[in-house]
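I have placed the structure first, in the form of structure tokens, so that the comments after it can refer back to it.
When a ligand or atom number is given, it counts from 1 through the structure's own listing order. Atom set for the values below is all heavy atoms of this structure, side chains included, hydrogens, waters and symmetry mates excluded.
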Amino acid sequence: MAPSPSRLTGAFTTLKDTILALIDPWIFLSLSASYLPTTVLSLLRKRRFLALLGGPLLSSEFQSVWFGHFWSRAGPQVRSNAEANVVPLLEGRVSKGQVVPKSEAHAPGVGGVVLEIGPGSGMWVSLFSDDKYLKDEEEEEGQGGEDDAEEEGLSASWATITPSSQQQQQQQQQKQTTKKVVGSRQRITQVYGIEPNYGIHPLLQHNIAQAGLSQTYTILPFGIEDIERYAPQIQPESLDCIVSILCLCSIPEPQKNIAILYRYLKPGGRWFVYEHVKCCSSKPGGWFMNAYQAFVNLFWPICLGGCQLRRDTGRYLREAGPWTDIDLAQPPKEQWHHTVPHIYGILTK
Ligand SMILES: C[S@@+](CC[C@H](N)C(=O)[O-])C[C@H]1O[C@@H](n2cnc3c(N)ncnc32)[C@H](O)[C@@H]1O
């Protein structure tokens, strides 16, 4: 019996989606390659001839400058694709890889003293502004007090996660001048953005100022592998939250450095994760996607500032130390043919 037209159309759509998904990483790489001339020109202008001699294969300076140019263009696009995941994540509204209503949230949202790893050009910096949430609250108050009641319920059930007395004092002072933060999002007292790519700092600084966070957000100009050496102001077990958005793919020795960062979280602290990872071998088509991803990864780190596609970041995070709650999963809507699959969720120490 001949297949019906609707089945044929369905098969054609699936095939088309699969081919487009497989081509997608190459389009991203080509876009990055289109920034090579700008990179060369900017290094020539700065007389960084040694960086030019090493070129994209050898010189880390070349790769950083190249990535900085590329990300200033690609970052906003990546942000608009990821926003629907990242905004609720920082509000704590994620479970099993999916966005859930506030009432079903497992953990409080981001708040207190926060470390943002690899903020890049500061695509997510505005989410650390309490002002935005206060404005939202005013709007919601106009529509009724449902969320207030919900917040009080959440705060009570999370009362075990208490800030230090110094932070409590700071929070108290802030409460006298401003109103409480809406929903499960907590008040932020300090953000450290640890970003080793100097070339991207002016744009990051600009976005910090735009978000009104010049007093709250401090750039740490080195990699997380140097946090113990260069950031004495951050003590072990002093962070309320760590935020890692598409950056653990780029850090050196991820297993070792993720375990070091774990020690900086307070008991009860949360690690908010949206990261891309290696394809899962046990899924249908997993062997093919693993081989394909390994092939793409021959070119990917060169063109994208050292970003690695093949990291088992979920495992590194789970094994970093004991957690009281791990809510980390691949978003179910990501299909088998994603060359850049994600893990998404919150780990609570
Ligand atoms: C793909 S970008 C993501 C930037 C940002 N999180 C975003 O979503 O727009 C990865 C970032 O990690 C940063 N990075 C690379 N090595 C790092 C390290 N050792 N420590 C901290 N950040 C690092 C890069 O400079 C880059 O800004």
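A salt bridge between Arg263 and Glu228 is present, with a side-chain N of the basic residue lying under 4.0 Å from a carboxylate O of the acidic one.
Ligand 1 lies less than 4.0 angstrom from a heavy atom belonging to Pro119.
Heavy-atom proximity to Gly223, at under 4.0 Å, picks out these atoms of ligand 1: 18 (C), 19 (N), 20 (N). If you number the atoms of ligand 1 from 1 as listed, the ones under 4.0 Å from a heavy atom of Gly120 come out as 4 (C), 27 (O). Set against the non-hydrogen atoms of Asn197, the atoms of ligand 1 under 4.0 Å away are 25 (O). In the vicinity of Ile194, heavy-atom distances shorter than 4.0 Å reach the ligand 1 atoms 21 (C), 22 (N). Near Met123, meaning under 4.0 Å from any of its heavy atoms, are these atoms of ligand 1: 9 (O). Close contacts between ligand 1 and Ile245 involve ligand atoms 5 (C), 6 (N), 8 (O) [criterion: under 4.0 Å to a heavy atom]. Within the listing of ligand 1, atoms 1 (C), 2 (S), 26 (C) sit less than 4.0 angstrom from a heavy atom of Phe67. Close approach to Pro252 involves these atoms of ligand 1, each under 4.0 Å from a residue heavy atom: 19 (N).
At a 3.5 angstrom cut-off on N or O pairs, Glu116 does not count as close to ligand 1. In terms of polar-atom proximity, defined here as any N/O pair under 3.5 Å, Phe222 makes no such contact with ligand 1.
Looking from atom 9 (O) of ligand 1 to the surrounding protein, the closest heavy atom is Trp71 NE1, 3.0 Å. Atom 27 (O) of ligand 1 has its closest protein heavy atom at Glu195 OE1, 2.7 Å. In terms of protein heavy-atom proximity, atom 7 (C) of ligand 1 is closest to Trp124 NE1, 3.6 Å. The protein heavy atom nearest to atom 16 (N) of ligand 1 is Ser250 O, 3.4 Å. Taking atom 3 (C) of ligand 1 as the reference point, the nearest protein heavy-atom neighbour is Leu246 O, 3.1 Å. Of the protein's non-hydrogen atoms, Pro196 CG, 3.5 Å is the one closest to atom 17 (C) of ligand 1. With respect to atom 5 (C) of ligand 1, the closest heavy atom belonging to the protein is Gly118 O, 3.3 Å. If you check which protein heavy atom lies closest to atom 20 (N) of ligand 1, you get Ile224 N, 3.0 Å.
The aromatic rings of Phe295 and Phe299 stand perpendicular to each other, their planes meeting at an angle above 60°, with 30° marking the opposite boundary.
Selection from Gln63, His276, Arg79, Glu225 by nearest heavy atom to atom 19 (N) of ligand 1 gives Glu225.
The two residues Arg79 and Trp124 make their nearest non-hydrogen contact at CG-CH2, 3.3 Å.
Side-chain rings of Trp300 and Tyr292 stay apart, their centers remaining 6.0 Å or farther from each other. Between Phe28 and Phe70, the ring center distance clears the sub-6.0 Å criterion. Two rings, from Tyr262 and Trp323, have their centers less than 6.0 Å apart.
Hydrophobic clustering, with ILVMFWY side chains joined whenever heavy atoms are under 4.5 angstrom apart, groups Leu298 together with Leu309. Val100 and Leu89 are members of different hydrophobic clusters when ILVMFWY side chains are connected at heavy-atom separations under 4.5 Å.
Atom OH of Tyr35 sits about 12.5 Å away from atom OG of Ser30, to the nearest 0.5 Å.
Contact check for Leu213 versus Phe128: side-chain heavy atoms found under the 4.5 Å cut-off.
The backbone N or O of Gly109 lies less than 3.5 Å from a partner atom in the side chain of Arg270, making a donor-acceptor pair.
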For this session: Go through the steps to decide whether Thr218 and Gln190 satisfy the test side-chain hydrogen bond (donor to acceptor under 3.5 Å, both in side chains), and finish with yes or no.
Result: CA-CA 8 Å; Thr218 309; Gln190 173 75 56; 3.0 Å; yes
